[in-house]
Every structure is written in structure tokens, then in C-alpha cells.
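Atoms considered below: every heavy atom in the structure, side chains included; atoms not considered: hydrogens, waters and symmetry mates.
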Amino acid sequence: MSLHRMKATIIGRLETNRANEWIVTEKLGDALKAKAGLKAPRKPGFRFGERLHLLELAVGAYLLFVAWYDVFFGKNHFFLFLFIQAAAFFIVGFGYVGTFVPNS
């Protein structure tokens, strides 16, 4: 979540000209229930590439590098926390958490 919140904050900062724009989203309500009776064609299986999240993997690799750097050159033992954070980013990056929703 922290990665997506940081991305949203940066986008919000860069789009200050749209700060007062009012965006109304469509509410599905009963329209979604009517479509529930229709069966969508299923794809056979899934590709491994659909579950990869490259941004999370990149941040995980960076945190892993920083953790190893701290192991060899640091004196504050921050690597204990950095290894845990890197593992969490790798778990999310490889798609082991959450519900898999295939792309249409």
C-alpha cells in the first residue's frame, strides 16, 4: 500500500491544475446484478507474467541491496527491518498475496 500511496501523492502533486475538478463515478447498482447471469468466456489457465508487479519487484530489489549494504558497512542494524520490507515487496511483487483477477 505504501508504494501505491506514494505514487498517488506524486501524481496529485503534479496535477495541481485539476485540484478543483469534480469527477463523478458511475454507480453500477442493479446493472451489475443483471450482468451476473451471463457467463464470461474463461481463458485456459493463466500466464505467469500476469501476476508479476514490476514496480514492487524493483523496490524489493532496491531494499535488498540497501539491506546488504547495511550489513557490511552500517553500524545501526537497520538491515533487520530492511530484509523484512524487501521480503514483503517480493511477496507482493510475485503475486502471492491477494485475489487473482485475470485481465479481460
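Residues satisfying the ring pair (Phe, Tyr, Trp, His ring centres under 6.0 Å) test with Phe79, not counting sequence neighbours, are His77.
Closest heavy-atom contact between Leu63 and Gln85: CD1-CB, 3.9 Å. Of all the heavy atoms in Ala86 and Gly60, the pair that sits closest is CB-O, 3.7 Å.
Note that CG of Asp70 and CZ of Phe78 are 7.0 Å apart. Values are rounded to the nearest 0.5 Å. Here the CD atom belonging to Glu56 is positioned 11.5 Å from the CZ atom belonging to Phe94, to the nearest 0.5 angstrom. Note that the CZ atom of Phe89 and the CG atom of Leu82 stand 11.0 Å from one another [nearest 0.5 Å].
Connection of Ile84 to Val59 is not established within any shared hydrophobic cluster, with ILVMFWY side chains joined at heavy-atom distances below 4.5 Å, either directly or through further cluster members. Hydrophobic clustering (side-chain heavy atoms under 4.5 Å, transitive across Ile, Leu, Val, Met, Phe, Trp, Tyr) groups Leu64 together with Leu52. Hydrophobic clustering places Tyr69 together with Phe90 (ILVMFWY residues linked when any side-chain heavy atoms are closer than 4.5 Å, directly or through intermediates). By the rule that hydrophobic residues join a cluster once side-chain heavy atoms approach within less than 4.5 Å of another member, Val71 and Phe81 end up as members of separate clusters.
Aromatic ring orientation, Phe72 versus Trp68: parallel (interplanar angle below 30°, classes split at 30° and 60°).
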